[in-house]
Amino acid sequence: SRGWADGVVAHLSASLIAAGFAVGAMQPFDFVAARLMNQPYKDGVGQLYSGPMDCFLKVVKSEGPVALFKGCGANYARMGPYTVLVFTFFEQLKAFAKNARGKH
């Protein structure tokens, strides 16, 4: 057979990889949302950005596209353990249920 054997090590590894992809996909959106929420407001109007696309374009123009990934480490430190726990427990629960059904 090819690949890893179905087990805890495979589930942990796949979970960590999945967390990395999730953080990579969501980080630019989280970054823009944080910038919009933290900008100064006057009379309910943002003083730096008029909206998400304005924020995105201004950041890319002034700081470069890599700036959208600021905070990836912190997000991965939050998402990694969560993803590991969810997927590993889910897979172990599936195995437990499969074994329990097979014994009856």
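Looking at every heavy atom in both residues, G80 comes nearest to A19 through CA-CB, 3.8 Å. Residues N75 and D30 come closest through the heavy atom pair ND2-OD2, 3.1 Å. P52 and V32 make their closest contact through O-CG1, 3.7 Å (heavy atoms, listed as atom of the first residue, atom of the second, distance).
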Please table the atom pairs, donor to acceptor, closer than 3.5 Å between any side-chain atom in residues 64-73 and protein atoms at least two apart or in another chain.
unit_1, atom_1, unit_2, atom_2, d
K70, NZ, E63, OE1, 2.8

Ignoring hydrogens and angles, write down the donor-acceptor pairs under 3.5 Å from the side chains of residues 84-92, residues two or more places apart or on other chains.
unit_1, atom_1, unit_2, atom_2, d
T88, OG1, V84, O, 2.8
Q92, NE2, H11, ND1, 3.4

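Between the CE atom of M79 and the CG atom of L16 there is a distance of 11.5 Å, given to the nearest 0.5 Å.
No donor-acceptor distance shorter than 3.5 angstrom exists from the side chain of Q27 to the backbone of A25, with no hydrogens or angles considered.
More than 12 non-hydrogen atoms from other residues, nucleotides or ligands lie less than 6.0 angstrom from OH of Y41.
Through direct or relayed side-chain contacts under 4.5 Å between Ile, Leu, Val, Met, Phe, Trp and Tyr, M37 connects to no other residue.
Residues passing the salt bridge (Lys or Arg N to Asp or Glu O under 4.0 Å) test with K61, sequence neighbours excluded: none. Annotation: side-chain contact (heavy atoms from CB on, under 4.5 Å) contacts of Y49 (sequence neighbours excluded): R35, L36, Q39, D54, C55, K58, V59. With sequence neighbours excluded, no residue forms a side-chain hydrogen bond (donor to acceptor under 3.5 Å, both in side chains) with Y76.
Following chains of ILVMFWY side-chain contacts shorter than 4.5 Å, one can reach L48 starting from V60, so the two form part of one hydrophobic cluster.
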